[in-house]
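Contents: one structure, followed by commentary.
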Number of protein chains: 2
Amino acid sequence: MADKAILFKRLQSFDFLRGLDFETLTRLAESSTWKVYAPNEVLFWEGEVESNLFYLQYGSLKVLKASPDGREQVLRFITKGEIFNEVGVLAKKANPATAVALEESGVWLIPRHALEEVILAHPGSALQIIENMADKIISLVTLAADLSLKSVEARFIQLLLDQAEGDLIERRRWTNQTELAARLGTVPDVLGRVIRELTKAGLIEMDKQQIRILDRAGLMDRA
Amino acid sequence: MADKAILFKRLQSFDFLRGLDFETLTRLAESSTWKVYAPNEVLFWEGEVESNLFYLQYGSLKVLKASPDGREQVLRFITKGEIFNEVGVLAKKANPATAVALEESGVWLIPRHALEEVILAHPGSALQIIENMADKIISLVTLAADLSLKSVEARFIQLLLDQAEGDLIERRRWTNQTELAARLGTVPDVLGRVIRELTKAGLIEMDKQQIRILDRAGLMDRA
DNA sequence: CTCCCGCCACGACTTTTGTCGCTTTTTTAC
DNA sequence: GTAAAAAAGCGACAAAAGTCGTGGCGGGAG
């Protein structure tokens, strides 16, 4: 079990808790619990009511919705340091999506009652949470519009350009074509085809370890 | 200009303002302004920063994102009594979408500073706003998943079943095939084809005034 | 009244996306 | 290390979505 002192330090660094006093943070840390999830383990299912706020200390997750026939649409990736499940915690609604660990992930669970206390006592933190949710609304709006208005190729190119540091994208264990396809809202075959075409056109190069952008301008043209 | 007394009454009926005292509501009403928009008039554009909260007193609006080539994806319809632009007001972010009046619409504009005062003074109202935003997140998540995982036909059938009162849907002036198509994330031709197929299959009947569901079970089967 | 414009109907065609079957390669589990 | 499972490559095909052209109907504007 991770030390509560770690969480305490983390809590101090959250934007939305900034400026809270020692006792408040201690109380939050005291009532929270720690959990480690294995790769592919589910944190919560679509339709469940989950009343903890999650703070991801290490690892990475995906949030998705699945169709009856097994296809999935990834709505969001969560990396170290992010909080999630504001919807379940604060709106007391059934969760609209499923959260799954992509790799081993360590998570703090902060119970609803502790959080509500903080918000009522410190209205400024509510504004921070609202900003946080606004960011999510913005990215969901963008996702919906992209799914409807852009081709798979355009979405893939945008993903490449967003993710690239310099002209390189490091591939991790879970950055395989199947996962990328779910992220783009398509199937692995189609993504594979797009990759082949972009490779043949000399725009990108892809192997197991990385994706390299060879012609940034050319990519932008096609998107 | 509509009487501020009307807004005052309305404010009293907002969920998120419930329980506020007389002076607070009066102040809100005092600092708000009233505006009427003509059909097809734009309330705000994607990318603009808009610092008023809107309350739609009568009329109806659509919120959409457009692609360079002119297609649009409607993200949300707003009807009488709803508030919108929480994102712009509270998160101080550029608006992710454009809002357009579908018919003549009367709107109250509540400025940011007045709203922030209320929230800081009454943390409970922040929780109400958070719930409001959570609802939006949920419906955007659903929209994104539907766009990615369901066919146009399935989305149209779902729209029919959601909107129907009894087995009837009244068509208003702006419920034409062009608008319905934008709402479903497709083009009028495709929607027209789907309508013809469902009609030929004896599942629905559609004229200028209304859409009638003839075989609810049959529709659900196909979706 | 009539001309014009927007909406809709419909068929033909193109493009995009998704599916299938089969093979090879890579990863994982034991 | 080896066997089994998962991922990926690839071509052929099928289905869904989008585009284009033509033409009809009907409701304003003049």
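These numbers were taken from a predicted model, which means no experiment stands behind them. Chain letters run A, B, ... following the sequence lines, proteins first, then strands; residues in each count from 1.
- By the neighbour-count criterion of 12 heavy atoms within 6.0 Å, atom NZ of B:Lys35 is sparsely surrounded, having that number or fewer from other residues, nucleotides or ligands.
- When the C1' atom of D:dA16 is taken as reference, atom CZ of A:Arg71 falls 12 Å away, rounded to whole Å.
- Between A:Glu197 atom CD and D:dG9 atom C1' there is a gap of 14 Å when expressed in whole angstrom units.
- When each of D:dA17, C:dT19, C:dA9 is scored by its nearest atom to the side-chain atoms of B:Arg196, the top-ranked nucleotide is C:dA9.
- Taking a cutoff of 4.0 Å between a charged side-chain nitrogen and a carboxylate oxygen, B:Lys65 and B:Glu72 do not qualify as a salt bridge.
- If you take CD of B:Glu179 and C1' of C:dC7, they are 12 Å apart, rounded to a whole angstrom.
- Taking atom CZ of residue B:Phe156 and atom C1' of nucleotide D:dA16, one finds them 17 Å apart after rounding to whole Å.
- Rounded to whole Å, atom C1' of D:dA7 lies 12 Å from atom CG of A:Leu180.
- Straight-line distance from the CZ atom of B:Arg155 to the P atom of D:dA16: 13 Å, rounded to whole Å.
- Residue B:Arg193 places a side-chain atom within donor-acceptor reach of the base of D:dG18, judged by atom type and a 3.5 Å distance cut-off alone.
- The CG atom of A:Asp207 sits 15 Å away from the C1' atom of D:dG9 (whole-angstrom rounding).
- More than 12 heavy atoms of other shown residues, nucleotides or ligands fall within 6.0 angstrom of atom CZ in A:Arg171.
- Within 6.0 Å of atom CZ in B:Arg216, more than 12 heavy atoms from other residues, nucleotides or ligands are found, so the atom counts as buried in its surroundings.
- Contact annotation: A:Gln177 side-chain N/O to D:dG9 OP1/OP2 distance is under 4.0 Å.
- Atom-to-atom, CD of A:Glu103 to P of C:dT27 comes out at 17 Å; the value is rounded to the nearest Å.
- When each of A:Lys208 and A:Val194 is assigned the nucleotide of DNA chain C with its nearest heavy atom, A:Val194 is the one assigned upstream, toward the 5' end.
- When each of A:Tyr55, A:Phe54, A:Trp108 is checked for a side chain to side chain contact (heavy atoms under 4.5 Å, CB included) with A:Ile83, only A:Tyr55 meets the rule.
- In terms of phosphate contacts, B:Thr178 brings no side-chain nitrogen or oxygen within less than 4.0 Å of OP1 or OP2 of C:dG6.
- Each of A:Ser151 and A:Asp189 lies near DNA chain C, and the nucleotide nearest A:Ser151 is the one positioned closer to the 5' end.
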